[in-house]
Amino acid sequence: MLPSSLQVSIVTFRPDRVLLDRTLRRLAQAIGAAREAGAIRTVNVALIDNSGDRDNADAVRNMGHARLGDAKVQVICLTGHANIGFGAAHNLVLHGSGADYHLVLNPDVELDRDALANGVKWMDAHPDIGALSPAVRSPSGKRDYLCKRYPSVLDLALRGFTPTLGKALFRRRMARYEMRDVIDPAPDDEVIDIPAMSGAMLLVRRKAIDATGGFDPGFFLYFEDFDWTVRLNRITRTAYVPSVKIVHHGGGAARKGARHIGWFVKSGMRFYRKHGWRWI
């Protein structure tokens, strides 16, 4: 089988430049390893800055060319527009690239050196799978569970807005929501048909993008990844693939202030109106 082509998109908004630098360095390493393994050939990386700020845009552009220049990839930078939202920004480059696969990547994610090689090879070997989600660790090394079952309103409230004691009291419920019952018993095995995947990193097949249209731009921030997963699962299959490893530095909406809580609630309501409410 010939090596695949890959398009990568990273959306930034006043990014932590230290984290972005790590993200780009690790991406360059993963691209190099995937080429060495014969998994990919051509790679395009799109950096889309939603900051609407020239200093931020220049910093993102300069860092991208500096960190990815040695990886021999084509880097494009889209800047100068208003903050159009996470999904809408990715959509600017999701279509028309002609690449076999598209990697959605957060600017606070560090790819394992073999993440791209393992992911593309696994997708090549499983043509029935339209998108995959990786195994995730926090910066401290603790396992994070970004694959979820279809969320109930109670699940989201307990996870996002209750104190630690409340989460402890509902530990079994939270573990089920995070799919620990199927992921933990066989940590090296793939899990097929994921109800809700995180947009921190998604590797998506071109045909699945074309069939679904990518992200719904009606979600400004939050739930656009869950929404896309639901729509992907209607026309293809999704998978959790633990050989694809990342470190994620992200945090929850409740820890980011009132504005993020407002976006979270608004997007959650849109998600449930679109796909069906589940209270408990």
Side-chain angles (χ1 to χ4, degrees), residues 4 6 8 19 22-23 25-27 29-31 33-34 36-40 101-106 108-152 155-156 158-160 164 167-205 208 225-226 228-230 232-233 236-252:
S4 298
L6 176 69
V8 183
L19 280 182
R22 291 182 186 174
T23 295
R25 287 178 182 271
R26 297 301 294 270
L27 173 60
Q29 293 171 7
I31 289 170
E36 291 173 7
I40 60 174
Y101 296 106
H102 190 102
L103 177 69
V104 173
L105 189 66
N106 267 17
D108 59 359
V109 165
E110 298 181 66
L111 295 173
D112 184 80
R113 187 178 186 277
D114 295 324
L116 286 180
N118 291 344
V120 170
K121 285 188 171 183
W122 194 90
M123 292 283 278
D124 284 345
H126 297 81
D128 60 321
I129 303 297
L132 69 75
S133 183
V136 186
R137 296 279 179 181
S138 70
S140 67
K142 181 180 178 181
R143 177 180 289 180
D144 278 350
Y145 297 84
L146 297 190
C147 290
K148 307 289 195 305
R149 288 187 166 92
Y150 191 94
S152 72
D155 291 328
L156 296 176
L158 290 172
R159 180 177 173 85
T164 303
K167 292 180 181 179
L169 292 174
F170 291 90
R171 183 170 56 251
R172 290 181 63 183
R173 183 185 183 97
M174 288 293 93
R176 185 181 185 281
Y177 172 54
E178 295 175 338
M179 301 187 70
R180 298 188 187 209
D181 56 322
V182 294
I183 291 175
D184 283 346
D188 296 326
D189 290 349
E190 298 87 6
V191 179
I192 308 298
D193 300 324
I194 305 300
M197 299 188 297
S198 168
M201 181 203 148
L202 291 172
L203 184 63
V204 190
R205 194 182 301 276
D225 45 6
F226 283 14
W228 197 14
T229 308
V230 172
L232 282 165
N233 280 322
T236 185
R237 307 187 77 184
T238 54
Y240 160 81
V241 181
S243 64
V244 181
K245 297 179 173 63
I246 69 170
V247 173
H248 184 219
H249 295 261

**OP:** For residues Y177 and L158, determine if any side-chain heavy atom of one lies less than 4.5 Å from a side-chain heavy atom of the other.
**Re:** no

Original post:
Under 3.5 Å, is there a donor-acceptor pair between the side chain of R205 and the main chain of I129?
Top reply: yes

**OP:** Nearest 0.5 Å please: distance from the NZ atom of K245 over to the CG atom of L111.
**Re:** 12.5 Å

**OP:** Report the distance from atom OG of S133 to atom CD of E190, rounding to the nearest 0.5 Å.
**Re:** 13.0 Å

Original post:
Out of curiosity, D181 CG to R149 CZ, how far, rounded to the nearest 0.5 Å?
Top reply: 4.0 Å

Original post:
Taking all atoms of both residues into account, what is the closest heavy-atom pair of A37 and K121, and its distance?
Top reply: O-NZ, 3.2 Å

Subject >> pair M197-D225: side-chain heavy atoms closer than 4.5 Å >> reply: no

Original post:
Do M174 and D155 have side-chain heavy atoms sitting under 4.5 Å apart?
Top reply: yes

**OP:** Check each of M179, R159, R176 against K148 using the side-chain contact (heavy atoms from CB on, under 4.5 Å) test, and report the only one that passes.
**Re:** R159

Subject >> Worked verdict on H126 versus R237 for side-chain contact (heavy atoms from CB on, under 4.5 Å) >> reply: CA-CA 10 Å; H126 297 81; R237 307 187 77 184; over 6 Å; no

Subject >> Any R25 side-chain heavy atom under 4.5 Å of E110 side chain >> reply: no

Subject >> Interatomic distance, S4 atom OG to M123 atom CE [nearest 0.5 angstrom] >> reply: 9.5 Å

Subject >> Nearest heavy-atom neighbours spanning V104 and G199 >> reply: CG1-O, 3.6 Å

**OP:** Please report the closest heavy-atom contact between A30 and D112, naming both atoms and the distance.
**Re:** CB-O, 3.8 Å

Subject >> Closest non-hydrogen atom pair, Y240 against P187 >> reply: OH-O, 4.5 Å

Subject >> Non-hydrogen side-chain atoms of L103 and M201 separated by less than 4.5 Å >> reply: yes

Original post:
In this structure, are over 12 heavy atoms from other groups packed under 6.0 Å from R173 atom CZ?
Top reply: yes

Original post:
Mind checking whether L27 and L116 have side chains closer than 4.5 Å, heavy atoms only?
Top reply: yes

**OP:** Look up atom CD1 in I31 and atom CZ in R26, then write down how far apart they are to the nearest 0.5 Å.
**Re:** 13.0 Å

Original post:
Which pair of heavy atoms, one from A208 and one from T236, lies closest together, and at what distance?
Top reply: CB-CG2, 4.3 Å

Original post:
Any idea which heavy atoms bring L132 and G119 closest together, and the distance?
Top reply: CD2-O, 3.8 Å

Subject >> Atom pair CG/CG of L203 and N118 - distance to nearest 0.5 Å >> reply: 11.0 Å

**OP:** Using distance alone, with no hydrogens and no angle criterion, decide if D144 and S138 have a side-chain donor and acceptor under 3.5 Å apart.
**Re:** no

Original post:
Is R143 salt-bridged to D184, cutoff N-O under 4.0 Å?
Top reply: yes

Original post:
With no hydrogens and no angle check, is any side-chain donor or acceptor of T23 less than 3.5 Å from a backbone partner on V109?
Top reply: yes

Original post:
Does the pair K142 and R137 meet the rule for a side-chain contact (heavy atoms from CB on, under 4.5 Å), with working shown?
Top reply: CA-CA 5 Å; K142 181 180 178 181; R137 296 279 179 181; 5.8 Å; no

